[in-house]
There are 2 protein chains.
Amino acid sequence: MNANPLLKGSLQTIILKLLEDNSQMYGYEITQRVKEVSEGSIVLTEGALYPALHKLEADGFLETFTQVVDNRVRKYYRLTDAGGKEVTSKLSEAQAFIDQLQTLLNLKPATK
Amino acid sequence: MNANPLLKGSLQTIILKLLEDNSQMYGYEITQRVKEVSEGSIVLTEGALYPALHKLEADGFLETFTQVVDNRVRKYYRLTDAGGKEVTSKLSEAQAFIDQLQTLLNLKPATK
DNA sequence: TTTATATACCTAAATTTGTTATGTATATAA
DNA sequence: TTATATACATAACAAATTTAGGTATATAAA
């Protein structure tokens, strides 16, 4: 569905950032939000998303609670305190990597 | 050595771009150049680099020739015509992805 | 009513792409 | 003679995906 090799490694960061901005979201909602905001160019597959959410929870960065809406169960995620710190860390890592990559690929207008 | 999950997917693009700018480079030279330009923050491991070079050659994007310098063999790579087109394609993909990622992560100063 | 689409979760097999570890070999400085 | 730099390479392992499949409800269309 996606076939975007560049996505690799940034999925956790995307999830954490969305939960920093929204306080609570469920899995399906995350896929839809990413699709919207990226205008369809970044599509999260469920096979990647759910394991990533479970791992972030196992690592103590997310906590969950369920809610039933229209007879369907939604599993909501929210950041823990540790998760809040992790967002900051991941974002600065991402920014640093993007900067270096843009330099290497000459995708920056000016070096200074 | 590296442990940078964000690198995944961008290695081929980095190699192709360097060869667009330099016309010919050998493997070891590529690792050193990347380390220099990124100020040590992006380190290409040999276990990733050489297989990537071999794959790009097998795909017809690179061609090779050897040269002996100080009794040591250097294997130089250069872009083929197909490789030249591939660089352009990979660079615009990378730029688009970086743009979307920065939007998602709110790492952009202004949306417009 | 049955089919398709959207919503909503999940897991398992296979694949891609990297790291880590190891091997070979020469040049050079300590 | 030892360590470090240069220069290539492959193999075992690990991580993070894709692809494919499964379950279930709601709703609109045929």
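First the proteins, then the strands, lettered A, B, ... as listed; each starts at 1.
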[X], nearest nucleotide to its side chain (from [options]):
X: A:Gln32; options: C:dT7, C:dC10, D:dT17; result: C:dT7
X: A:Tyr77; options: C:dC10, C:dT19, C:dA27; result: C:dC10
X: B:Tyr28; options: C:dT19, D:dA9, D:dA5; result: D:dA5
X: B:His54; options: C:dT11, D:dA9, D:dA26; result: D:dA9
X: B:Lys8; options: D:dA9, C:dC9, D:dA15; result: D:dA15

State whether B:Lys17 and B:Asp21 are salt-bridged, where the test is any N-O pair (Lys NZ or Arg NE/NH1/NH2 against Asp/Glu carboxylate O) under 4.0 Å.
yes

So, are A:Asp81 and A:Lys85 salt-bridged, with charged N and O less than 4.0 Å apart?
no

Hey, is the side chain of A:Tyr50 poking within less than 4.0 Å of OP1 or OP2 on C:dC10, counting only N and O atoms?
no

Ignoring backbone atoms, test whether B:Tyr26 places a side-chain nitrogen or oxygen under 4.0 Å from the OP1 or OP2 oxygen of D:dA7.
yes

Would you classify [X] as touching base, sugar-phosphate or nothing, given that sugar-phosphate means primed atoms plus P, OP1 and OP2, and contacts are heavy atoms under 4.0 Å?
X: B:Arg72; value: base
X: A:Glu29; value: nothing
X: A:Gly27; value: sugar-phosphate

Earlier contact from the 5' end, DNA chain D, for A:Gln12 and B:Leu53:
B:Leu53

Tell me which of A:Asn71 and A:Lys55 sits closer to the 5' end of DNA chain D, going by the nucleotide each one is nearest to.
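Nearer the 5' end of the strand: A:Lys55.
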
Report the base-pairing partner of D:dT23 (Watson-Crick or G-U wobble, both distances below 3.5 angstrom), or none.
C:dA8

Rounded distance (Å) that lies between atom C1' of C:dA8 and atom CD of A:Glu46
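For the pair A:Glu46 CD and C:dA8 C1', the rounded distance is 8 Å.
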
If hydrophobic clusters are built by linking Ile, Leu, Val, Met, Phe, Trp and Tyr wherever their side-chain heavy atoms come under 4.5 Å apart, do A:Val69 and A:Tyr28 end up in the same one?
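Different clusters: A:Val69 never reaches A:Tyr28 through Ile, Leu, Val, Met, Phe, Trp or Tyr contacts under 4.5 Å.
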
With distance as the sole criterion, is a donor-acceptor pair present between the side chains of A:Tyr76 and A:Arg74 under 3.5 Å?
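Result is yes, a qualifying pair exists.
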
